[in-house]
Amino acid sequence: MSRGLGDVYKRQVYGRSLRKAAVVFAVAPSLGAEARARFGLEAERVVVAPNAVSRTFVLSEGTERDGALVVSRDEPRKARGAAELAAREAGLELTIVDDERDDPRLAAHYARARWLLAPSLHEGYGMTVAEALACGTPVVATDHAAHRDIERLGARGIVFVPPPRRAGDDWQWPEAVAALRGALPADIAPPPTTWDETAAIVADAIGR
């Protein structure tokens, strides 16, 4: 199915379902705004119930940090090649974690990294960004709505840079290289929402 036909199909199916729903939950502010604008939903029917970070992802005191980390599948929208290039040009060793969802092992990767690189061109929600911040790892992230949502929800320690660009078969991401060579953010924290709070938002909206 072509992208165009796929988009039409999704608009029709999602739109039909969303317009019938009494409440529509969005995991981040930009997704809620998109749902309202794209499908003509009333503001009161769209409730933001933010994603929260598992308690496995916490700051590990005394862990020696070195190099950069990217947690990403190798697909076009993830732009993982841009992270590889940026780390190499900044003189940092890069660890690539592909589809690792064993939370303790993933938390250990975050805790050892000096930086997380989040080069994706678009996301629904940047969960790896929030997890890294919970482990005290600052993030160099593409400046798009999903990553900005994490900051809007209260996170600190994200350095936003323009998206990477293709140059033939290669990537260019000079802004990320400059950020990696710069000072680490002094204040690092994930969005403060817990899963208990998110559950309470959902229960309250359903019980209206």
Side-chain angles (χ1 to χ4, degrees), residues 1 3-59 71-73 75 77-78 97-107 109-111 116 118 120-137 139 141-158 160 187-208:
M1 179 180 287
R3 182 184 178 92
L5 289 176
D7 286 346
V8 170
Y9 173 79
K10 285 189 289 187
R11 282 198 301 271
Q12 290 178 344
V13 173
Y14 292 173
R16 202 175 301 130
S17 300
L18 294 177
R19 281 188 285 270
K20 288 180 178 179
V23 181
V24 174
F25 293 103
V27 297
S30 69
L31 293 177
E34 181 181 352
R36 291 193 299 271
R38 179 176 292 189
F39 302 109
L41 304 179
E42 300 89 343
E44 61 272 15
R45 289 175 54 211
V46 180
V47 176
V48 176
N51 269 330
V53 176
S54 163
R55 293 186 180 93
T56 302
F57 300 101
V58 295
L59 179 63
V71 180
S72 168
R73 296 184 299 277
E75 59 182 72
R77 74 178 178 87
K78 294 289 187 178
V97 176
D98 189 336
D99 282 341
E100 174 63 83
R101 283 317 313 176
D102 179 278
D103 283 358
R105 286 196 293 186
L106 186 52
H109 282 296
Y110 290 133
L116 175 79
S120 61
L121 303 178
H122 57 87
E123 291 285 349
Y125 185 83
M127 200 68 214
T128 60
V129 172
E131 291 169 349
L133 295 172
C135 294
T137 307
V139 179
T142 302
D143 193 352
H144 57 56
H147 289 156
R148 282 286 179 182
D149 274 338
I150 296 172
E151 184 182 61
R152 291 187 191 99
L153 291 168
R156 304 184 301 277
I158 308 172
F160 293 102
D187 191 12
I188 303 167
T193 307
T194 67
W195 280 117
D196 286 343
E197 290 168 334
T198 296
I201 291 170
V202 172
D204 179 67
I206 291 174
R208 290 176 187 171

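By the 4.5 Å heavy-atom criterion applied to side chains, Ile150 and Tyr125 are counted as neighbours. The shortest distance between side-chain heavy atoms of Leu106 and Val71 falls below 4.5 Å. Considering only heavy atoms from C-beta on, Met127 comes within 4.5 Å of Val53 through its side chain. Between Pro191 and Glu151, every side-chain heavy-atom pair lies at or beyond the 4.5 Å cut-off. In this structure the side chain of His147 reaches within 4.5 angstrom of the side chain of Val129, judged on heavy atoms. Inter-residue side-chain proximity for Leu59 and Cys135 is flagged as unmet; no heavy-atom pair is nearer than 4.5 Å. Between Arg156 and Ile188, the closest side-chain pair of non-hydrogen atoms is not below 4.5 Å. Inter-residue side-chain proximity for Trp195 and Asn51 is flagged as met; some heavy-atom pair is nearer than 4.5 Å.
Closest non-hydrogen pair, Ala21 versus Arg45, comes out as O-NH2, 2.6 Å. Across every non-hydrogen atom of Ala118 and Val139, the tightest pair is CB-CG1, 4.2 Å. Closest non-hydrogen pair, Ala205 versus Val23, comes out as O-CG2, 3.8 Å. Closest non-hydrogen pair, Gly124 versus Leu31, comes out as O-CD1, 3.2 Å. Taking each heavy atom of Ile206 and Phe25 in turn, the nearest pair found is CG1-CZ, 4.0 Å. Smallest separation of non-hydrogen atoms from Val48 and Pro50: O-CD, 3.5 Å.
Residues forming a salt bridge (charged side-chain N to carboxylate O under 4.0 Å, His left out) with Glu75 (at least two apart in sequence, or on another chain): Arg73, Arg77. For the salt bridge (charged side-chain N to carboxylate O under 4.0 Å, His left out) test, residues two or more places apart in sequence or in another chain that qualify with Asp143 are Arg148. Thr128 pairs by the side-chain hydrogen bond (donor to acceptor under 3.5 Å, both in side chains) definition with nothing, not counting sequence neighbours.
Between the CG atom in Asp103 and the CD atom in Glu131 there is a gap of 6.5 Å [rounded to 0.5 Å]. Atoms CG and NE2, from Asp102 and His109 in turn, are 9.0 Å apart once rounded to the nearest 0.5 Å. Between atom CZ of residue Arg19 and atom CD of residue Glu42 there is a gap of 11.0 Å, rounded to the nearest 0.5 Å.
Sequence neighbours left out, not one pair with a member in residues 21-32 passes salt bridge (charged side-chain N to carboxylate O under 4.0 Å, His left out). Here salt bridge (charged side-chain N to carboxylate O under 4.0 Å, His left out) pairs that include residues 191-205, with residues two or more places apart or in two chains, are Arg55-Asp196. A side chain to side chain donor-acceptor pair (under 3.5 Å) check over residues 20-30, counting only residues at least two apart or in different chains, returns the pairs Ser30-Asp149.
Checked by atom type and distance alone, the side chain of Arg152 never pairs as donor or acceptor with a backbone atom of Ala28 at under 3.5 Å. Of the possible polar contacts, one joining the Thr142 side chain to the Ser120 backbone as a donor-acceptor pair under 3.5 Å is found. Within the 3.5 Å criterion, the main-chain N or O of Tyr110 finds a donor-acceptor partner in the side chain of Thr137.
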